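Here the structure comes first, spelled out in structure tokens, and everything after it is commentary.
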Amino acid sequence: HNSSVYHSCIYFFFFQAEDGIRDFCLSRGLGDVYKRQRQYVAQNHKWSLEELEASVTIHQGEELDDDSFLLTGMAMEGARWNEMTQTLELNIELSINLPPLVLRWVQVDRDKKNSLKEDEIFVPVYLNKSRKNLIFSIKIKSGKIDKNLLYQRGVAIIAWQS
């Protein structure tokens, strides 16, 4: 009488991420920098977080202070940002690489924080072209262009391009 004996083994593998070797996530990275910088500026000046607003301009070579940081490698879709006038312009290209941008934290009255001037629009800053992950929004001068036209064109800044 021949009998066969089968053995089976089950293996379990456990992996644990250590600090510094977790997956790098751009949205969390930029968002974390954004939040940490904001908290630093608020504490440094003894301002409330509710009094701070992000002001973004095209870098003109000026020295950066502790209240600001440089953003590079971004693109704009739906319009062009004029370096000289710091205003939006219509264009025919779908996407245009942006020069380095300066994000600076400024103190504003709480009542005026989310309000727009006559010549400003809110421009969303998305992680990538899918536009699924909104990182934050910034105010940009619309120049002489009708705001509704800019919103219809879906003007946005893309933080990371593949």
Side-chain angles (χ1 to χ4, degrees), residues 16-89 95-148 150-151 153-162:
Q16 181 174 354
E18 299 293 328
D19 282 352
I21 48 176
R22 291 189 178 102
D23 289 337
F24 179 72
C25 177
L26 281 174
S27 66
R28 192 183 75 204
L30 184 56
D32 283 350
V33 168
Y34 182 83
K35 290 176 188 173
R36 279 194 309 263
Q37 185 78 10
R38 181 174 174 235
Q39 290 171 341
Y40 168 79
V41 171
Q43 289 175 352
N44 192 37
H45 293 286
K46 297 180 180 24
W47 296 336
S48 166
L49 287 173
E50 288 79 31
E51 295 175 290
L52 292 180
E53 182 175 86
S55 168
V56 178
T57 57
I58 295 174
H59 186 243
Q60 302 290 329
E62 72 272 17
E63 288 288 322
L64 299 180
D65 57 21
D66 289 341
D67 298 348
S68 59
F69 59 98
L70 198 61
L71 302 173
T72 60
M74 301 181 122
M76 179 169 275
E77 294 182 347
R80 184 175 90 80
W81 198 349
N82 185 308
E83 291 184 49
M84 299 301 291
T85 63
Q86 299 277 336
T87 60
L88 295 176
E89 297 176 344
S95 179
I96 293 180
N97 291 332
L98 289 170
L101 304 175
V102 176
L103 190 149
R104 181 172 287 110
W105 291 105
V106 295
Q107 185 183 29
V108 295
D109 291 336
R110 292 180 192 185
D111 299 336
K112 296 180 181 178
K113 186 172 179 184
N114 292 317
S115 63
L116 291 172
K117 294 179 182 172
E118 184 75 26
D119 66 339
E120 292 177 328
I121 66 165
F122 282 114
V123 175
V125 179
Y126 293 105
L127 173 62
N128 56 33
K129 290 183 179 196
S130 73
R131 296 187 178 205
K132 290 181 182 177
N133 299 315
L134 176 67
I135 302 173
F136 52 88
S137 294
I138 60 172
K139 294 178 186 179
I140 299 180
K141 292 185 182 226
S142 57
K144 297 178 182 178
I145 304 170
D146 180 23
K147 291 182 189 183
N148 292 324
L150 292 168
Y151 286 126
R153 290 177 64 111
V155 174
I157 293 177
I158 307 302
W160 181 71
Q161 304 173 72
S162 56

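What you see below is based on every heavy atom in this structure, not just the backbone, and it leaves out hydrogens, waters and symmetry mates. Since this is a predicted model, take the numbers as computed values, not measurements.
Annotation for K129: atom NZ does not count as buried by contact number, only 12 or fewer foreign heavy atoms lying within 6.0 Å. Taking a 6.0 Å sphere around NZ of K141, one finds it holds 12 or fewer heavy atoms contributed by other residues, nucleotides or ligands. Residue E50 qualifies as enclosed at atom CD: its count of foreign heavy atoms under 6.0 Å is above 12.
Residue L98 holds its CG atom at 5.5 Å from CD1 of I157, rounded to the nearest 0.5 Å. In this structure, CD1 in I121 is found 10.5 Å from CG in D146, a value given to the nearest 0.5 Å. One finds the CD atom of E51 at 13.5 Å from the NZ atom of K46 (value rounded to the nearest 0.5 Å). Distance check, rounded to the nearest 0.5 Å: CD1 of I145 to OG1 of T87 gives 7.0 Å. In this structure, CD on E120 lies 7.5 Å from NZ on K147, to the nearest 0.5 angstrom. Here E53 contributes atom CD and R38 contributes atom CZ; the two are 10.5 Å apart, rounded to the nearest 0.5 Å.
Considering every non-hydrogen atom in both A79 and I96, the closest pair reads O-CD1, 4.3 Å. Taking every heavy atom of both residues into account, L116 and K139 meet most closely at CD2-CG, 3.8 Å. Minimum heavy-atom separation, S142 to L150: CB-CD1, 3.6 Å. Shown here for L134 and P124, the closest heavy-atom pair between the two residues is CD1-CB, 3.6 Å.
Between the Q86 side chain and the I140 main chain, no donor and acceptor come within less than 3.5 Å of each other. Within the 3.5 Å criterion, the main-chain N or O of E83 finds a donor-acceptor partner in the side chain of Q60. In this structure a side-chain-to-backbone donor-acceptor pair under 3.5 Å is missing from S55 to W105.
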Please walk me through it: do L52 and V106 pass side chain to side chain contact (heavy atoms under 4.5 Å, CB included)?
CA-CA 6 Å; L52 292 180; V106 295; over 6 Å; no
Side chain to side chain contact (heavy atoms under 4.5 Å, CB included) evaluation trace for H59 with L64:
CA-CA 9 Å; H59 186 243; L64 299 180; 4.2 Å; yes
Just do the side chain to side chain contact (heavy atoms under 4.5 Å, CB included) check on R104 and D65 with the steps written out, would you?
CA-CA 9 Å; R104 181 172 287 110; D65 57 21; 4.1 Å; yes
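Two residues are said to be in side-chain contact when any heavy atoms from C-beta on lie closer than 4.5 Å; M76 and L88 meet this criterion. Contact of the L103 side chain with the F136 side chain is registered, since non-hydrogen atoms from C-beta on lie closer than 4.5 Å. Side-chain atoms of L101 and I58, non-hydrogen and from C-beta on, do get closer than 4.5 Å to each other. The side-chain heavy atoms of W47 and V41, taken from C-beta on, include a pair separated by under 4.5 Å. Using a 4.5 Å heavy-atom threshold, the side chains of W81 and V123 count as separate.
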